[in-house]
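Structure record follows, encoded as structure tokens.
Positions are given from 1 along the sequence.
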Amino acid sequence: MTLYCHKPGAGLPPILRPSVTKLLNGNSRLLIDWITQYGSPVNLIWPDELQTNLAALRGVLRESGVASAIYYGAKVNKSPGLLAAALRAGAGIDVSSLYEFRDARQLGAVGTQLVATGPAKTAAFHRDLINCHALISLDSPEELEDLIRWLPTGGAAQPVLLRLRPTNQARSRFGMPAAAIRHCLSRIANEDGLRVDGLHFHLSGYDWESRAQAIGEAADLITEARARGFAPRMIDIGGGLPIQYVDQSAYQAHLERLTAEDYRTGKVPTSFYPYGGELSAAAWLRDLLRARMADGRSLANYLVHEGLVLGMEPGRALADQVAISVFRVLRVKAVGPDTHVVFVEGSSFSACETWFSSEFLVDPILVPASPSPVGARSIRAYLAGHSCLDDDVLSNRWLTFPIAPRAGDLLIYANTGGYQMDLLENEFHRHPMPSRLCVVEDAKGQLTLVPDTTGEAKCSARP
């Protein structure tokens, strides 16, 4: 495999785990055969990596003695194999739509394994959640009234969380300020069919400090709720745990050297995901649990002393290193005296950061289909999709290939499982959806593929 960058010291090679490295090292023929069979692009999934990520978070929680409820954020990826892996590992599922809910149920998830955190739940979604007593996060007093309308008479009380809008997120359209939380508590006090299990919030950004501040606000409301006769048992911090795509020092060096000339648009994007951040998800969680509450206690000590469960819905953090996306090179076209565009069979809908005026700052990996000719020269190029849209660009960043790609070569983007490979995928130009397959070892230890479908995942969803 070949890594490359635009200028010395500015490369961003991906962090790879052994499972992916095993495929990429010395298996170019196998990869090319898979692309020949399944078309381009292909998304390859390693479901067991989700369990590795989950184990890392649980290890931190175990160290601190904090009880937890971890739900995999299903919205991060459409893979049934990842849903099944989460259930197999004893995690719950965060479902934000009726369709995610149905997939989880089809794989065997029961109500106690499900939480619904989305703000725009339909009546049909509410009814199905109620029918299996899934935990429902209520986004507003209006949603509370909608839910009450569908509650059956008699039977067990429906568990709910109240979604807080912390003061540091005052302009967000999600959640409720403290006054609205109090209103909901008063309303629920008159409803036998509801049980307040706690408070929930989900913040933008990736810093743990804002979560610590929000937990402080939630703690005050937990105290108020208990004084009013409720028995909340959980504070749910949502998601936003960071992951590391590239080496931190390489990332900082890259950002320091960025100029407008590094992009074919002549503009550096105004924001990036923190691809080379300082903290892994586990280290982030450890720092959060060590944060100090207003009374001086650590957050971990507060949760343990108050008998509270720490809930969370990691999406990207559980999808870290679970997938790669493989594109086949279609052709290389000169667009200037020393610049080129590399067209791939596929579109930026399957590598979508450019559609958000940003960039996926991870260098793709070039896998040649055949030995390079003697005297092959380097080229400077950006990457484009096969559609008729001028904005169908996988990378606006200029990349220097030490050896020019040729038709039939493969370009691989690593770590595309989190909001990358299938967030915007569609059948534009009538192209079929990219194939999604799980990489497994057969009885002889050889790598092979299994379709990533609900039917296949059903066989492995249960421990």
query = Are the side chain of H126 and the backbone N or O of E143 linked by a donor-acceptor pair below 3.5 Å?
reply = no
Whether N27 side chain and L30 backbone form a donor-acceptor pair below 3.5 Å = no
request  = For the pair Q158 (side chain) and A134 (backbone), establish whether a donor and an acceptor sit closer than 3.5 Å, ignoring hydrogens and angles.
outcome  = yes
inquiry  = Measuring only between side-chain heavy atoms, which start at C-beta, is L138 closer than 4.5 Å to C184?
reply    = no
Under 3.5 Å: donor-acceptor pair, side chain of N415, backbone of Q321 = yes
request  = Please answer whether the main-chain N or O of L161 pairs with a side-chain N or O of D197 as donor and acceptor at a distance below 3.5 Å.
outcome  = no
Flag side-chain contact, heavy atom, 4.5 Å: D452 against P80 = yes
key: By ring pair (Phe, Tyr, Trp, His ring centres under 6.0 Å) - contacts of H386 (at least two apart)   = H431
ask   = With a 4.0 Å cut-off, would you call R187 and E191 a salt bridge?
value = yes
ask   = Short question: side chain of S325, backbone of T416 - any donor-acceptor pair under 3.5 Å?
value = no
Backbone of G81 reached by a side-chain donor or acceptor of S79 within 3.5 Å = yes
ask   = Can R290 and S64 be said to form a side chain to side chain donor-acceptor pair (under 3.5 Å), step by step?
value = CA-CA 9 Å; R290 290 172 177 169; S64 66; over 6 Å; no
All pairs passing salt bridge (Lys or Arg N to Asp or Glu O under 4.0 Å) where residues 413-430 contributes a residue, at least two apart = none
ask   = Is the closest side-chain heavy-atom distance between L23 and I324 below 4.5 Å?
value = yes
task = Taking the side chain as every heavy atom from C-beta outward, state whether Q213 and P166 have any atom pair closer than 4.5 Å.
result = no
message = Are more than 12 heavy atoms, taken from residues, nucleotides or ligands other than N131, located less than 6.0 Å from that residue's CG atom?
response = yes
message = I'd like to check the side chain to side chain contact (heavy atoms under 4.5 Å, CB included) partners of D207; sequence neighbours left out, ordered by chain and number.
response = E209, S210, R211
query = Hey, does the side chain of D236 reach the backbone of H200 with a donor-acceptor pair shorter than 3.5 angstrom?
reply = no
message = I'd like to know if the side chain of Q446 and the backbone of D442 have a donor-acceptor N/O pair within less than 3.5 Å.
response = no
inquiry  = Between D94 and K75, does any side-chain N to carboxylate O distance fall below 4.0 Å?
reply    = yes
message = Using a strict threshold of under 4.0 Å (side-chain N to carboxylate O), is an ion pair present between R286 and E63?
response = yes
With a 3.5 Å cut-off and sequence neighbours excluded, list the donor-acceptor pairs that the side chains of residues 300-315 form with protein atoms.
from, atom 1, to, atom 2, distance (Å)
N301, ND2, S298, OG, 3.2
H305, ND1, R297, NH1, 3.2
E306, OE1, R226, NH1, 3.1

task = Only one of N396, D392, D391 passes side-chain hydrogen bond (donor to acceptor under 3.5 Å, both in side chains) with S348; say which it is.
result = D392
request  = Please identify each residue that fulfils ring pair (Phe, Tyr, Trp, His ring centres under 6.0 Å) with F349, with sequence neighbours left out.
outcome  = W355
task = Taking atom types as modelled, find out whether T167 and E217 have a side-chain donor-acceptor pair closer than 3.5 angstrom.
result = yes
query = Between D128 and K121, does at least one N-O distance fall below 4.0 Å, as a salt bridge requires?
reply = no
ask   = Is a side-chain donor or acceptor of D139 paired with a backbone partner of G175 at a separation under 3.5 angstrom?
value = yes
Using atom types as modelled, flag every donor-acceptor pair under 3.5 Å from a side chain in residues 269-278 to any protein atom, sequence neighbours excluded.
from, atom 1, to, atom 2, distance (Å)
Y273, OH, I243, N, 2.9
Y275, OH, E359, O, 3.2

inquiry  = Between N77 and M421, is there a side-chain heavy-atom distance shorter than 4.5 Å?
reply    = yes
message = Assess the residue pair D320 and R17 against the criterion (salt bridge (Lys or Arg N to Asp or Glu O under 4.0 Å)); give the C-alpha distance rounded to whole Å, side-chain angles, the decisive distance to 0.1 Å, and a yes or no.
response = CA-CA 10 Å; D320 187 16; R17 287 189 186 164; 3.5 Å; yes
